[in-house]
There are 4 protein chains.
Amino acid sequence: MPSRTPSAPRAGRPRSAAADAAILEATRAALVELGWSKLTLGDVASRAGVAKTTLYRRWAGKNELVVDAVAVLFDELELPDRGSLAADIEGVVLQFAALLDRPEAKTALMAVVAESTRDEPLRERIRTSIVERQKRLVLEGRSRAQARGELPLEQDPAAAARTADLIFDVVAGAVVHRTLVSAEPVDEEWATRFTRLLIGGLAGD
Amino acid sequence: MPSRTPSAPRAGRPRSAAADAAILEATRAALVELGWSKLTLGDVASRAGVAKTTLYRRWAGKNELVVDAVAVLFDELELPDRGSLAADIEGVVLQFAALLDRPEAKTALMAVVAESTRDEPLRERIRTSIVERQKRLVLEGRSRAQARGELPLEQDPAAAARTADLIFDVVAGAVVHRTLVSAEPVDEEWATRFTRLLIGGLAGD
Amino acid sequence: MPSRTPSAPRAGRPRSAAADAAILEATRAALVELGWSKLTLGDVASRAGVAKTTLYRRWAGKNELVVDAVAVLFDELELPDRGSLAADIEGVVLQFAALLDRPEAKTALMAVVAESTRDEPLRERIRTSIVERQKRLVLEGRSRAQARGELPLEQDPAAAARTADLIFDVVAGAVVHRTLVSAEPVDEEWATRFTRLLIGGLAGD
Amino acid sequence: MPSRTPSAPRAGRPRSAAADAAILEATRAALVELGWSKLTLGDVASRAGVAKTTLYRRWAGKNELVVDAVAVLFDELELPDRGSLAADIEGVVLQFAALLDRPEAKTALMAVVAESTRDEPLRERIRTSIVERQKRLVLEGRSRAQARGELPLEQDPAAAARTADLIFDVVAGAVVHRTLVSAEPVDEEWATRFTRLLIGGLAGD
DNA sequence: CCGTAAGCGAGACGGTACGTCCCGTCTTGAA
DNA sequence: TTCAAGACGGGACGTACCGTCTCGCTTACGG
């Protein structure tokens, strides 16, 4: 993910790929140990056995580095078919919750989101590196439920997109809020109650 | 909100209440202008016409100060009776969204929540200063809906509390996520769609 | 020694004499413990069981306070008649050296002298409180030596004063320099050699 | 004079020699303008166009810095052969007095000596940087006088060293005391009278 | 014998400087 | 051209004292 114009012929010594990996790994370790606010790039560099210059050659700053370091965690997210819409929702909720429970994610995610409120390029980076990785699960889950006949097929593609976004904000928002703001665990019991609410609504049975 | 045992006789010159107010006001102004990460306590102090020591005598650091500075914004939240559950939910969503749109809140809220993942006293402070102020709206809205007959009376008070917490996480989480992560506006149209989803569920009508 | 226009009628509560004494005593104790540069007026005040205001009402600052605190040590200096000029010189040298060996004097004297290079009132205060107390010993020693016939009577009083000043600078300067700059002890052996040099000169037998 | 083991191979960017010189020069300028007690390292750094960290990387604090800044002044001291012991003494006295008259020396010397009473490493630094530079003049003057036959050759080298130390304390002490404590000028007239006293003694002709 | 004016301990106040930490850039010499 | 090393100018940190200013209370004197 580090920068560099994609297709340049390049001269001189090539950049070390090992350094990249070491830096991202060191960043996650430092996040776990120190948390976002006490993480320093000098410390990351020395953990990675790398000079600060090497680090700055690849990332613009702490925010960008941390987004990249944390983004890989979101690659693990999958949506195995559990047979029903309710089970799929519960599954994704628990999976996301498990990810949010990892200390490097917990401390970093809200911090970079906070920074992104005043930094458009960072927001974009977060969107492509993290948010989209989550959102595809929603889309996948919906089409699967439609295939099962649990949800109606939407005709209007724009309306379909709006609804997917809404559901995504509701699911991800609820899990994040429960975990970080309310600081309560997202366990199976909560996931079940949340799923029932989401499917049936307040007025539900 | 600054510390100090509430009712001690106290010797010596008393602390200036004017200083407290000036500091909190200056903090909000600095948040708007600079955002969370570039806000410095030295700058806040000089904006407030106050010495840094005065500031540190009252607050332990940036996090605590910002929580107090932002907390007052949440006092404005109210839940006027709009006649129906759906209207009440829409109202609270829009109200909360309007608050989150204020730059001092937007930049500060997620940042202090991020910090609080590694700082239990801070989490507590956030809970009492901010979260509880929001949660009472949920409770109020529910009892009003129950009085209207829109929602059934819960027998078990523990279950009632759990449900209220769940709804709170869903509502607040969705609004926050839409605003800060998806970075899309929470307008009337979104509020309507969200409300319909919350009341009727995915499977709704 | 603290200030206050000498003969005012005065109204209100009179100043506590005990406080004065406690402050000076606390100052000496703090000098011994902390040395000049780490001595703070706040610390002196709390050692003396006195408020800072009380201290500032009497002394303008650290320099003035320390001069007064140390000055009393110089009251002890005397010149008992030891029977000869040489013995008297040795006596005064050893006495002055003993005083300079006290930690409160050692750490304070050069410091206030250093400050006085840029503070005329302080220099005057040092002169009257400390220097004159030493100089009278030179005058007394000389007149005694003249009475014994060891030194000739000077006719010109101006020349006599100049010579006394010269001798004072030589004696006091040598002892101070030996003690503080060379950091070597002024013992009897050194005092003897110094005295022989002073009386007989470099060319002396 | 700043620290750092003299001959190490060293990796990384070397320290700037220009910064060293600029800092020492700025220190002398600040001493002249502000005096010892109002000199701040932050001010020195900004006068030198240097960051505070650069300064602290080289010197442990104000004392060490000032000793180094002032030490170079003592390199100027020389003892041209003026043909006789008396003339040589007068020469060195006047030279030393001229140096002490420079405001950067006057304000700084006593201050660091005062500090050195509680700081052995500082005392050592003063000794090697300043005191030894002066003492060699005494040794040179003596051997010259012995060559002229004005002073006897000492047989015992230990006794010779003791005598040289004594003379050094007397000469330097007298000049310092006259200048800083008595705050009177060391002019030719005083130098002449001092020299006559030193050579001939009190009992002298 | 009582009011009033100053002194008192306490401690908050606006400041200044401290010495440290980290930033992001730069300058080395080696690879 | 990159790399590890580390010095650089800069800015903020949180602390320590400064000397001043309220506080509410003694404490002596003079009317």
Side-chain angles (χ1 to χ4, degrees), chain A residues 10-16 18-19 38-46 48-62, chain B residues 4 9-16 18-19 38-46 48-62, chain C residues 4 8-16 18-19 38-46 48-62, chain D residues 4 9-19 38-46 48-62:
Chain A
R10 312 297 326 298
R13 175 171 172 177
R15 287 191 181 165
S16 154
K38 300 196 173 167
L39 176 151
T40 69
L41 295 200
D43 181 58
V44 168
S46 78
V50 140
K52 270 198 297 175
T53 30
T54 300
L55 205 155
Y56 278 107
R57 222 172 270 128
R58 292 161 159 83
W59 286 277
K62 186 162 148 172
Chain B
R4 176 60 68 86
R10 307 303 328 299
R13 178 173 173 175
R15 290 192 180 164
S16 156
K38 300 197 175 168
L39 177 151
T40 70
L41 296 201
D43 180 59
V44 169
S46 78
V50 141
K52 259 198 301 176
T53 38
T54 298
L55 205 154
Y56 278 107
R57 217 174 273 127
R58 292 162 159 80
W59 288 277
K62 189 161 146 172
Chain C
R4 176 59 69 87
R10 310 299 327 295
R13 176 174 173 176
R15 289 190 181 165
S16 155
K38 301 199 171 164
L39 177 152
T40 71
L41 294 202
D43 179 60
V44 168
S46 79
V50 141
K52 269 198 298 174
T53 30
T54 300
L55 203 156
Y56 278 106
R57 221 172 271 127
R58 293 160 159 82
W59 287 277
K62 187 162 148 171
Chain D
R4 177 59 69 83
R10 307 302 326 300
R13 176 173 174 177
R15 290 194 180 162
S16 155
K38 301 200 171 164
L39 177 152
T40 71
L41 295 201
D43 179 60
V44 168
S46 78
V50 142
K52 261 199 299 176
T53 37
T54 298
L55 204 155
Y56 277 106
R57 217 173 273 127
R58 292 162 159 80
W59 288 277
K62 190 162 145 171

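What you see below is based on every heavy atom in this structure, not just the backbone, and it leaves out hydrogens, waters and symmetry mates. Order of the sequence lines sets the chain letters (A, B, ...), proteins ahead of strands, with each chain counted from 1.
In terms of the side chain to side chain contact (heavy atoms under 4.5 Å, CB included) criterion, residue partners of B/Ala19 (sequence neighbours excluded) are, by chain and number, B/Ser16, B/Val50, B/Thr54, B/Arg58. With sequence neighbours excluded, the residues forming a side chain to side chain contact (heavy atoms under 4.5 Å, CB included) with B/Thr53 are B/Ala51, B/Arg57, listed by chain and number.
Protein atom CZ of D/Arg57 is 14 Å distant from nucleotide atom P of E/dC22, rounded to whole Å. We find that CZ of C/Arg15 is positioned 15 Å from P of F/dC29, with the value rounded to whole Å. Rounded to whole Å, atom C1' of E/dC22 lies 16 Å from atom NZ of B/Lys38. With rounding to whole Å, C/Arg58 atom CZ is found 15 Å from E/dA6 atom P. D/Trp59 places its CH2 atom 15 Å from the P atom of E/dC18, with the value rounded to the nearest Å.
Sequence order on DNA chain E of the closest nucleotides to C/Ser16 and D/Asp43 puts C/Ser16 first from the 5' end. With DNA chain E read from its 5' end, the first of the two nearest nucleotides for B/Ala19 and A/Gly42 is the one closest to B/Ala19. Toward the 5′ end of DNA chain F lies the nearest nucleotide of A/Ala51, the other residue of the pair D/Gly49 and A/Ala51 mapping further downstream.
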Pairs under 3.5 Å (N/O, protein and nucleotides 23-28 of chain F):
from	atom 1	to	atom 2	distance (Å)
F/dT26	O2	C/Arg13	NH1	2.8

Taking only N/O atoms, report every protein-nucleotides 19-21 of chain E pair under 3.5 Å with atom names and distance.
from	atom 1	to	atom 2	distance (Å)
E/dG19	OP2	D/Tyr56	OH	2.5
E/dG19	O5'	D/Tyr56	OH	3.4
E/dG19	N7	D/Lys52	NZ	2.9
E/dG19	O6	D/Lys52	NZ	2.8

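Rounded to 10 degrees, the angle separating the terminal helix axes of the helix from E/dC1-F/dG31 to E/dA31-F/dT1, each built from five base pairs, is 20°.
For the side chain to side chain contact (heavy atoms under 4.5 Å, CB included) test with B/Asp43, the passing option among B/Thr40, B/Leu41, B/Leu39 is B/Thr40; the others fail.
Residue D/Thr54 has no polar side-chain atom (N or O) positioned under 4.0 Å from OP1 or OP2 of F/dA7.
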